[in-house]
Amino acid sequence: MSARRALLAAILPLSMAACVAPQPPVPAASASVLDAARAGAPAASEWAQACTDWDDWDKRARPFHVYGDTYHVGTCGISAVLVAGADGHVLIDSGTRDGARVVLSNIRTLGFQPENLRAVLTSHEHFDHVGGLWWIHQNSGARVFTSPEALEVIESGEADPADPQYGMHEAMRPIARSLVSAVEPGEVMTIAGHDFLPVATPGHTPGALTWQWESCEGGTCKTIVYADSLSAVSRDDYRFSDHPAYVQAYRDGLSRLAALGCDILLTPHPSASGMRDKLLAGDWESGMGCAQYAADRLQLLEARLAQEAAS
């Protein structure tokens with residue numbers, strides 16, 4: 001290549017980049033956009049017909065309207081929940097790395113723009129629920145809010161040694177510390193005009209959170225709870241009974257969950273709370289509520305402890 005051609009090859013991409021106009025910020029969702037999303041969201045029955053109980057984590061599913069300003073935007077096997085508003089949107093959980101692509105697509109399908117996400121809240125710090133945080137942030141710029149115990153996991157991508165499943169999962173893509181904030185469980189947070197209550201519900205992981213908020217339609221408001229998995233699952237050599245303080249924190253979190261106001265229950269694994277059955281019945285308040293879900297998780301914990309005592 002001649003010196004002239006080499007110079008042109010170096011300069012041309014720079015000159016072309018300089019000609020690209022700065023992109024204007026994405027406008028906030030207007031009242032008409034919010035109304036259109038609610039009216040035009042795919043029917044919840046489509047999700048129920050396309051998905052089976054305990055379905056594949058990354059299996060693509062259509063989004064649907066839950067209630068008020070709340071939508072399910074996750075996959076068949078992993079939930080992600082969007083709370084939309086004119087001041088910005090809040091997402092709870094990202095799904096896996098591949099599942100995050102479905103989440104972003106579903107947000108757009110509803111007529112919203114990921115760039116209007118103001119925050120991503122986390123349930124528990126495992127890759128199937130927060131492994132896609134980096135990709136969500138890259139497409140939105142949204143800040144991540146997590147528990148103090150999960151903060152280092154989100155920042156480093158490495159599991160907490162205190163996690164009952166420590167060593168079972170591959171590392172996640174880390175999120176820069178400057179983009180992550182720890183919340184104070186029990187204190188209401190206001191984000192983009194929405195109030196969210198983080199509730200400490202450790203057990204499945206040390207840093208697991210449950211989230212409570214209110215969504216309204218007309219003059220009728222319902223309390224929605226996104227309750228963490230809270231299942232006593234671990235690696236083969238882990239014994240919950242060897243960690244009495246952890247078990248007590250587990251029980252305390254279940255008690256907090258059971259006492260929550262809870263008109264609509266959602267969970268990180270849809271089938272854990274019978275979501276598909278509720279959609280088929282067309283009644284969110286049928287089946288398992290928060291108190292029943294907490295009792296079910298406590299029963300599983302007690303069974304695990306009894307099994308350990310007998311071995």
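For this chain, numbers begin at 1 and follow the sequence in order.
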Within a radius of less than 6.0 Å around [atom1] of [X], do more than 12 heavy atoms belonging to other residues, nucleotides or ligands occur?
X      : atom1 : value
Asp236 : CG    : no
Gln212 : CD    : yes
Arg38  : CZ    : yes

For the atom pair [atom1] ([X]) and [atom2] ([Y]), what is the distance rounded to the nearest 0.5 Å?
X      : Y      : atom1 : atom2 : answer
Met275 : His72  : CE    : NE2   : 4.0 Å
Arg143 : Ile191 : CZ    : CD1   : 10.5 Å
His65  : Ser215 : NE2   : OG    : 7.5 Å
Thr75  : Asp58  : OG1   : CG    : 6.5 Å
Cys216 : Asp69  : SG    : CG    : 7.5 Å
Leu133 : Leu91  : CG    : CG    : 8.5 Å

For the residue pair [X] and [Y], establish whether any side-chain heavy-atom pair is separated by less than 4.5 Å.
X      : Y      : result
Ser271 : Arg276 : no
Asn116 : Arg118 : yes
Val144 : Val130 : no
Phe127 : Trp57  : yes
Arg97  : Arg173 : no
Pro270 : Cys76  : no
Ser79  : Asp93  : no
Glu302 : Arg251 : yes

Test His126 against Thr205 for side-chain contact (heavy atoms from CB on, under 4.5 Å), laying out the working first. CA-CA 8 Å; His126 280 166; Thr205 67; 3.3 Å; yes

Take Ser30 and Ser32 through the test side-chain hydrogen bond (donor to acceptor under 3.5 Å, both in side chains) and record every step on the way to the result. CA-CA 5 Å; Ser30 64; Ser32 60; 2.9 Å; yes

Could you report the tightest heavy-atom contact between [X] and [Y], atom names first, then the distance?
X      : Y      : result
Val103 : Gly74  : CG2-CA, 4.3 Å
Pro198 : Leu209 : CB-CD2, 4.4 Å
Gly68  : Glu217 : N-OE2, 2.9 Å
Tyr166 : Ala159 : CE1-O, 3.5 Å
Ser123 : Tyr226 : CB-CE2, 3.8 Å
Pro114 : Phe112 : CD-O, 4.0 Å

Verdict with supporting geometry, Met189 and Glu184, side-chain contact (heavy atoms from CB on, under 4.5 Å): CA-CA 9 Å; Met189 302 170 53; Glu184 184 63 39; over 6 Å; no

Is [Y] reachable from [X] through a run of hydrophobic residues whose side-chain heavy atoms are each under 4.5 Å from the next?
X      : Y      : value
Leu121 : Leu151 : no
Val120 : Tyr71  : yes
Ile78  : Val90  : no
Val102 : Ile136 : no
Ile92  : Leu179 : no

[Y] backbone acceptor or donor facing [X] side chain under 3.5 Å:
X      : Y      : value
Thr109 : Ser105 : yes
Asp195 : Trp213 : no
Arg177 : Ile175 : no
Gln292 : Gly289 : yes
Glu308 : Ser241 : yes

Which ILVMFWY residues can you reach from Leu301 by hopping between side chains whose heavy atoms are under 4.5 Å apart? Val188, Leu197, Val199, Val225, Leu230, Tyr238, Phe240, Tyr246, Val247, Tyr250, Leu254, Leu257, Leu260, Leu265, Met288, Tyr293, Leu298, Leu305

Among His204, Arg304, Gln165, the one residue meeting side chain to side chain donor-acceptor pair (under 3.5 Å) with Ser234: Arg304

Given Thr210, which of Thr267, Thr201, Asp228 fulfils the side chain to side chain donor-acceptor pair (under 3.5 Å) condition? Thr201

side-chain hydrogen bond (donor to acceptor under 3.5 Å, both in side chains) between Asp252 and Gln248, worked out: CA-CA 6 Å; Asp252 292 344; Gln248 186 58 55; 2.9 Å; yes

Begin with the C-alpha distance, continue with both residues' side-chain angles, and end with the deciding distance and a verdict on side-chain contact (heavy atoms from CB on, under 4.5 Å) for Leu279 and Phe64. CA-CA 10 Å; Leu279 297 183; Phe64 61 84; 3.8 Å; yes

Taken in chain and number order and not counting sequence neighbours, the residues that satisfy ring-ring contact (aromatic ring centres under 6.0 Å, His included) with Trp211 are none

Please state whether the rings of His129 and His269 are parallel, tilted or perpendicular, taking 30° and 60° as the class boundaries. perpendicular

Taking side chain to side chain contact (heavy atoms under 4.5 Å, CB included) as the criterion, tell me which of Asp160, Thr146, Thr122 meets it with Val153. Asp160

Checking side-chain contact (heavy atoms from CB on, under 4.5 Å) for the pair Val81/Val66: CA distance, chi angles, key distance, verdict? CA-CA 9 Å; Val81 176; Val66 176; 5.9 Å; no

Restricting to pairs with a member in residues 42-52, which pass side-chain hydrogen bond (donor to acceptor under 3.5 Å, both in side chains), not counting sequence neighbours? Glu46-Arg62, Thr52-Asp55

Evaluate Asp56 against Lys59 for salt bridge (Lys or Arg N to Asp or Glu O under 4.0 Å), listing each step before the verdict. CA-CA 5 Å; Asp56 293 342; Lys59 183 178 174 181; over 6 Å; no

